Q: 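Below is the structure I would like to discuss, written out as structure tokens.
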2 protein chains.
Amino acid sequence: MGKYESMSRGELEQEFAAVRAEYEAIRAAGKKLDMSRGKPGFDQMDLSRDMFDMVTNETGYLNCTGTDCRNYGGLDGLIELKELFADMLGLKPDQIIVGGNSSLNMMFDTISQAMTHGFGAGPWMKQGTVKFLCPAPGYDRHFAICEYFGIEMIPVHNTPEGPDMDEVEALVKDPAVKGMWCVPKYSNPQGITYSDETVRRIAALKPAASDFRVMWDNAYAIHDLYEEGDQLLNIYDACLENGNPDLVIQFASTSKITFPGAGVAAEAASPANVKLLKHRMSFQTIGPDKLNQLRHARLFHSLGDLLAHMKRHAEILRPKFEAVLCELEQSLGGLGIAQWTKPRGGYFISLDVMDGCAKRVGQLCEEAGLVLTPAGATYPYGKDPADRNLRIAPSYPTVAELQQAAKLLCVAVRYAALEKQLG
Amino acid sequence: MGKYESMSRGELEQEFAAVRAEYEAIRAAGKKLDMSRGKPGFDQMDLSRDMFDMVTNETGYLNCTGTDCRNYGGLDGLIELKELFADMLGLKPDQIIVGGNSSLNMMFDTISQAMTHGFGAGPWMKQGTVKFLCPAPGYDRHFAICEYFGIEMIPVHNTPEGPDMDEVEALVKDPAVKGMWCVPKYSNPQGITYSDETVRRIAALKPAASDFRVMWDNAYAIHDLYEEGDQLLNIYDACLENGNPDLVIQFASTSKITFPGAGVAAEAASPANVKLLKHRMSFQTIGPDKLNQLRHARLFHSLGDLLAHMKRHAEILRPKFEAVLCELEQSLGGLGIAQWTKPRGGYFISLDVMDGCAKRVGQLCEEAGLVLTPAGATYPYGKDPADRNLRIAPSYPTVAELQQAAKLLCVAVRYAALEKQLG
């Protein structure tokens, strides 16, 4: 039982007065703080400063196969990057399509293709209602893609091991359910990594819809905060074992490895899926920016190079996560009014406040100068049924700013909880 | 009357023997030549060699507004490039959306959006048959986009002033006709620039379909071969005069100004169209690669810089076009078996051979080592009804190679014509 629950009304009123005073003092200080988006900070981007020297007139612009990366051609990207992403995802290079600067764009395009051309069973747009399973809380931009295309979203509860697979297995019996969003490692926003059991059960799904696809957004595949990272089972291997090679389409990018706006994205799948996707892409473009791919290929010669680079990111990010977690523990620990995740990688901390209080916390923070991801954004249609979940993005501010921001956040959580308890 | 028409059968047979001998001699030489795609050559790309020095750790990566171009953000691109494209197209900067490396991709996405979401009158995919006007000969990749989406293509005859506007005005009375492809300046493949009258009549169109859009692919907006370039009337101004601001969506890119595979593309339209397009793009991506945009902004500070740069391209391309045109004139002039365009800009020469002979010419060239754009590719569905048109792309080979290639091409044209006449 939390501390607040055991308080008398008088004690709660006294506490509320103290918390309100603290809140007003912070508000009066007029800070401008932002924990709303998973943006890498300056120092993280500076880790890739050698990128600018990778392709020059001195180094030339030919890749290892002699392709002039300035010119047209090469629909699916440079072989060097196919190999790099293949090693990152535990796949073969010919399973990789290397694209432009945005994996979100590749996901959108894949869904768009499904709407107009389907996945072997006719265009989704011509099949009546199309539904998608959305483990929630989840990534707002995934949900926005569904909303854009009028795909009905079905929230699925996230357990500490990933989506509730009992729910998922029951829901895929509906032939209108055509797919499912997954951020399988250091999930956005909870930082959960799917357990082996969860990955195996996803790989073994037998959906009623033959054109069901799992959108496997492995955005944080190598984004560990600690020496010992979470281990994610290889979904493709598990799919193969289940005779389900075409079930999953994977996505990854270097947006949070090199430059967020000028990284390289990739899409990966079974040979049959890759063939289909490439055929469709051949109508859409002549090919991605190979010069930027070449820069990446020359900066990272192997997965080992990448992993070494990610350790330097971790050194910057870990103190930021810990600053927030430390404040959460100190200010909210034992009060019984909030729970939060303690991710070992990724870009987010998920904070559950008292039911019905998330929006109020967001409002209190905003009025005192702290921008959070809008409450509700982590749920389909922006509607958190319990109005409970908040996403904290600690990557962009400095540690000092994060300490201030987390302090304000915790005061706001207490404020909203007390307000609610006092009725 | 052409020379071949006035020949007796005996003379034709004698000529055919001579042409065949010439052809066989070239074939035996076993050259490998390619005039198939509008790819800039090495020397053209080298004109932009300073691009590699534009963004380094020394220069920094902030644009004129202080945006860190490495990070996320900025859906519609850098202001510097909006201004540059606006000056190029005679528009206002806020009418420009600056994208990734491919204007084809922006065109595809725009049509894809129309299929799933329409242009104010419901998704095209839910409106039954959708038709597009396709001035022909035209650009194969435009036609491929229609084919991909199942849009029925209606060829429109191209006059020396652009598409036959009598035909166009009649055809847009069909409410299923939702759009039209245009390459208004130095058109692909004929090198035609639309006359003022043609532009005005396009701008004044009153299509039955309220969601009709002209896809105005101004790929060669500043791609003159000669000091005096063709002048294209400002279509947007003409649209405004006709109360038709939303009729036209324009496209341009630096693919044939800087690097074909690593240039910057842009889409431009009325405020209402731009608002709609940006809203849709906001679901698709967080934003384009701003570092590559910044490189471009720093290489070209003004339209004047761009135009000066294009003169250097012209110095390289002009002798290439002239080498081909010279050979065509010398080998085919007066024979009455071929006609060709003499473009003052762009990337292509269009060659019309005798009806029913284009495929045969392509085959003869291929067998002797010269790759041409496949005969028919310049028409919807790859079907040239007269089997007459061939597209010649003289940009990539050297002048010496072009002389050889054009010689072979001319021999093949004579070969096929004589073969046909001899029956």
Side-chain angles (χ1 to χ4, degrees), chain A residues 37-42 45-46 48-53 55-59 61 68-74 100-102 104-105 107-109 112-113 115-117 123 125-126 141 144-145 147-150 255 258-263 280 282-292 396, chain B residues 37-42 45-46 48-53 55-59 61 68-74 100-102 104-105 107-109 112-113 115-117 123 125-126 141 144-145 147-150 255 258-263 280 282-292 396:
Chain A
R37 304 271 356 154
K39 272 171 83 163
F42 301 104
M45 295 190 290
D46 282 341
S48 299
R49 54 183 296 118
D50 291 346
M51 187 73 85
F52 297 112
D53 307 319
V55 178
T56 67
N57 289 300
E58 286 66 48
T59 66
Y61 22 69
D68 187 331
C69 295
R70 299 171 302 177
N71 221 328
Y72 288 125
N101 74 323
S102 164
L104 182 74
N105 201 327
M107 293 178 226
F108 178 97
D109 287 355
S112 184
Q113 289 168 12
M115 293 305 289
T116 58
H117 289 72
M125 262 186 89
K126 301 237 161 127
R141 287 184 175 273
I145 291 173
E147 211 164 343
Y148 175 76
F149 286 111
S255 290
T258 58
F259 300 135
R280 291 170 178 181
S282 74
F283 294 91
Q284 186 178 22
T285 184
I286 300 174
D289 179 347
K290 295 184 296 299
L291 284 177
N292 203 38
Y396 194 72
Chain B
R37 304 273 352 157
K39 272 171 81 165
F42 301 106
M45 296 190 291
D46 282 341
S48 299
R49 53 184 294 121
D50 291 347
M51 187 75 85
F52 297 112
D53 306 318
V55 178
T56 67
N57 289 299
E58 285 67 48
T59 65
Y61 21 70
D68 187 330
C69 294
R70 299 171 302 177
N71 220 327
Y72 288 125
N101 73 324
S102 165
L104 183 74
N105 201 326
M107 293 178 226
F108 178 98
D109 287 356
S112 184
Q113 289 167 12
M115 294 305 290
T116 58
H117 290 72
M125 263 186 87
K126 302 239 160 124
R141 286 184 175 272
I145 291 174
E147 210 164 346
Y148 176 75
F149 285 112
S255 290
T258 59
F259 300 135
R280 291 170 177 180
S282 74
F283 294 91
Q284 185 177 22
T285 182
I286 300 174
D289 179 346
K290 294 185 296 301
L291 284 177
N292 203 38
Y396 194 72

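Reminder, nothing fancy here: chain letters follow the sequence lines and each chain counts from 1. Predicted model, so just to flag it, every value in this text is computed and none were measured.
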Q: Where does A/Phe108 contact chain B at under 4.5 Å (heavy atoms): side chain, backbone, both or neither?
A: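 Side chain only.
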Q: With a 4.5 angstrom heavy-atom cut-off, which part of A/Asp46 approaches chain B: side chain, backbone, both or neither?
A: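 Both parts, backbone and side chain.
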Q: Taking the six-membered ring where the residue is Trp, are the ring centres of A/Tyr61 and B/Phe52 under 6.0 Å apart?
A: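 Yes - the distance between ring centres of A/Tyr61 and B/Phe52 falls below the 6.0 Å cut-off.
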Q: Sort out for me which of B/His117, B/Lys290, B/Arg141 touches chain A most, counting heavy-atom pairs under 4.5 Å.
A: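 Option with the greatest count: B/His117.
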Q: Is there a donor-acceptor pair under 3.5 Å between the side chain of A/Asn101 and the backbone N or O of B/Gly287?
A: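 Checking the backbone N and O of B/Gly287 against the side chain of A/Asn101, a donor-acceptor pair under 3.5 Å is found.
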Q: Rounded to the nearest 0.5 Å, what separates atom CG in B/Asn105 from atom CG in A/Asn105?
A: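 B/Asn105 CG to A/Asn105 CG: 7.0 Å, rounded to 0.5 Å.
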Q: Please classify the contact of B/Tyr396 with chain A as side chain, backbone, both or neither, using a heavy-atom distance under 4.5 Å.
A: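 It is the side chain, since no backbone atom gets that close.
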Q: So what's closer than 4.5 Å to chain A heavy atoms on B/Arg280: side chain, backbone, both or neither?
A: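 When you check distances to chain A, atoms from both the backbone and side chain of B/Arg280 fall under 4.5 Å.
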Q: Carefully, step by step, assess B/Asn292 and A/Asn292 under the rule side chain to side chain contact (heavy atoms under 4.5 Å, CB included).
A: CA-CA 9 Å; B/Asn292 203 38; A/Asn292 203 38; over 6 Å; no
Q: When heavy-atom pairs shorter than 4.5 Å are enumerated against chain B, which of A/Gly261, A/Gly150, A/Pro288, A/Pro260 gives the highest number?
A: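 That would be A/Pro260.
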Q: Between B/Asn71 and A/Pro40 (side chain of the first, backbone of the second, donor and acceptor by atom type, cut-off under 3.5 Å), is there such a pair?
A: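 The answer is yes, because a donor-acceptor pair under 3.5 Å joins these two groups.
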Q: Given heavy-atom pairs under 4.5 angstrom as the criterion, report whether the side chain, backbone, both or neither of A/Pro123 touches chain B.
A: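 Contact with chain B involves the side chain of A/Pro123 alone.
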Q: Determine the minimum heavy-atom distance between A/Met125 and B/Met115, stating which atoms define it.
A: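 Heavy atoms of A/Met125 and B/Met115 come nearest at CE-O, 4.0 Å.
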Q: Side chains of B/Tyr148 and A/Gln284: does their closest heavy-atom pair fall under 4.5 Å?
A: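 Sidechains of A/Gln284 and B/Tyr148: no contact.
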Q: Could you tell me which portion of B/Thr116 (side chain, backbone, both or neither) has an atom closer than 4.5 angstrom to a non-hydrogen atom of chain A?
A: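 Contact with chain A is through both the backbone and side chain of B/Thr116.
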Q: CG of B/Asp109 to OG of A/Ser112: how many Å apart, nearest 0.5 Å?
A: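 B/Asp109 atom CG to A/Ser112 atom OG measures 7.5 Å (nearest 0.5 Å).
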Q: Could you pull out the closest heavy-atom pair between B/Ser255 and A/Tyr72, with the gap in Å?
A: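 For B/Ser255 versus A/Tyr72, the nearest heavy atoms are CB-OH, 3.4 Å.
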Q: Under a 4.5 Å heavy-atom cut-off, does chain B meet the side chain of A/Thr258, its backbone, both or neither?
A: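 Nothing of A/Thr258, per the 4.5 Å heavy-atom cut-off to chain B.
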Q: Quick check against the 3.5 Å criterion: does A/Asn57 have a side-chain atom that pairs as donor or acceptor with the backbone of B/Arg49?
A: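 Yes; at least one donor-acceptor contact below 3.5 Å.
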Q: Distance check, rounded to the nearest 0.5 Å: B/Leu104 atom CG versus A/Phe283 atom CZ?
A: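 Going from CG on B/Leu104 over to CZ on A/Phe283, the span is 11.0 Å.
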